[in-house]
Amino acid sequence: MNLNDLANIGQVIGAVAVVVSLIYVALQIRQNTNAVRSAAAQVVHEHFASWFHLLANDAELSQIAVNGLRDYFSRSETEKARFIAMFMAFLSYSQNAFLKWREKMLEPPLWIGWELLIMNLVSSPGGKEFWKERGYLFGEEFRRHVEDDLMKRTPHPDAMPMGAFSIGRRAE
């Protein structure tokens with residue numbers, strides 16, 4: 001075996017090493033991407049869970065939420081202010097979830113559940129009134145999704161915002 005043959009073997013070994021390194025890097029990137037997606041999903045769920053816990057632990061705020069979703073404009077000044085704060089938090093979390101879903105950081109099956117919840121709340125009478133007054137505060141892409149998709153869908157027959165009143169069209 002001469003020096004040329006050894007050089008060729010060295011090039012083959014080097015090429016194989018590069019391919020193995022690229023495969024390893026690809027696997028590491030995939031693993032990292034999965035970890036980032038999992039963390040994004042966890043944050044989205046924690047935001048919504050904290051919002052629900054806030055309502056569950058405050059009977060007065062829960063009643064304000066239900067009343068505001070029924071009829072936003074008839075609330076007292078104080079009730080309206082509390083409803084705005086509560087619903088802005090929910091819609092901010094919703095926009096965040098929407099953006100994570102669009103960035104493919106939130107799996108479609110997870111997004112669908114939150115999307116239906118968003119649809120139920122913004123499709124309620126008070127949700128529609130709120131959105132007309134304050135929808136401009138959200139990003140254009142989320143606004144279009146809410147206005148051109150969610151608010152135009154027919155609610156599920158069992159849709160009941162906050163479990164309090166029906167917005168569905170169940171034939172009984």
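Remember, predicted model here, so these are calculated numbers, not experimental data. Note that these values count all heavy atoms, side chains included, but never hydrogens, waters or copies made by symmetry.
Taking NZ of Lys152 as the start and OG of Ser123 as the end, the distance is 12.0 Å to the nearest 0.5 Å. The CZ atom of Phe165 sits 8.5 Å away from atom CE of Met160, with the distance rounded to the nearest 0.5 Å. For the atom pair Met119 CE and His145 NE2, the distance stands at 10.0 Å (nearest 0.5 Å). In this structure, CG in Leu91 is found 7.5 Å from CD1 in Ile118, a value given to the nearest 0.5 Å. To the nearest 0.5 Å, atoms CZ (Arg102) and CG (Leu99) are separated by 9.0 Å. Interatomic distance, Leu137 CG to Gln95 CD, rounded to the nearest 0.5 Å: 10.0 Å.
Among residues two or more places apart in sequence or in another chain, the ring-ring contact (aromatic ring centres under 6.0 Å, His included) test is passed with Trp51 by Phe90. With sequence neighbours excluded, the residues satisfying side chain to side chain contact (heavy atoms under 4.5 Å, CB included) with Ile13 are Ile9. Applying the side chain to side chain contact (heavy atoms under 4.5 Å, CB included) criterion to Phe52, with sequence neighbours excluded, gives Trp114, Leu117. Legend: residues meeting side chain to side chain contact (heavy atoms under 4.5 Å, CB included) with Ser92, ordered by chain and number and at least two apart, are Phe138. Scored by the side-chain hydrogen bond (donor to acceptor under 3.5 Å, both in side chains) test, His47 finds no partners at all (sequence neighbours excluded). Judged as a side-chain hydrogen bond (donor to acceptor under 3.5 Å, both in side chains), and not counting sequence neighbours, Glu103 has no contacts. Residues meeting the side chain to side chain contact (heavy atoms under 4.5 Å, CB included) test with Arg143, sequence neighbours left out: Trp131, Glu140, Glu147. In terms of the side-chain hydrogen bond (donor to acceptor under 3.5 Å, both in side chains) criterion, residue partners of Gln42 (sequence neighbours excluded) are, by chain and number, Glu46. With sequence neighbours excluded, no residue satisfies side-chain hydrogen bond (donor to acceptor under 3.5 Å, both in side chains) with Trp101.
Closest approach of Ala164 to Val66, counting heavy atoms only: CB-CG1, 3.5 Å. Nearest heavy-atom pair across Tyr93 and Ser50 is OH-OG, 4.1 Å. When all heavy atoms are compared, the tightest approach of Ile167 to Pro155 is O-CG, 3.7 Å. For the pair Gly127 and Phe87, the tightest heavy-atom approach, listed with the atom from each and the gap, is CA-CE2, 4.1 Å.
Applying the salt bridge (charged side-chain N to carboxylate O under 4.0 Å, His left out) definition to pairs two or more places apart or across chains, none involves residues 117-127. Here salt bridge (charged side-chain N to carboxylate O under 4.0 Å, His left out) pairs that include residues 104-122, with residues two or more places apart or in two chains, are Glu115-Arg153.
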If you apply the rule side chain to side chain contact (heavy atoms under 4.5 Å, CB included), what do you find for Ile84 with Tyr72, and how did you get there?
CA-CA 9 Å; Ile84 289 168; Tyr72 172 69; 3.5 Å; yes

For the pair His45 and Phe48, evaluate side chain to side chain contact (heavy atoms under 4.5 Å, CB included) and give the outcome as yes or no after the intermediate values.
CA-CA 5 Å; His45 290 301; Phe48 283 121; 5.5 Å; no

Residues Phe130, Leu69; criterion side chain to side chain contact (heavy atoms under 4.5 Å, CB included); working and verdict
CA-CA 9 Å; Phe130 176 93; Leu69 290 169; over 6 Å; no

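Remark: Lys128 does not engage Glu133 in a salt bridge, criterion side-chain N to carboxylate O under 4.0 Å.
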Just distance, no hydrogens or angles: give the donor-acceptor pairs under 3.5 Å from side chains in residues 54-64, sequence neighbours left out.
unit_1 : atom_1 : unit_2 : atom_2 : d
Asn57  : ND2    : His53  : O      : 3.1
Asp58  : OD1    : Glu60  : N      : 3.2
Asp58  : OD1    : Leu61  : N      : 3.0
Asp58  : OD2    : Arg82  : NH2    : 3.1
Glu60  : OE2    : Arg82  : NH1    : 3.4
Ser62  : OG     : Leu55  : O      : 2.4
Ser62  : OG     : Asp58  : O      : 3.3
Gln63  : NE2    : Asn67  : OD1    : 2.9

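Considering only heavy atoms from C-beta on, Lys100 stays 4.5 Å or farther from Val43 through its side chain.
By the rule that hydrophobic residues join a cluster once side-chain heavy atoms approach within less than 4.5 Å of another member, Tyr136 and Phe142 end up as members of one cluster.
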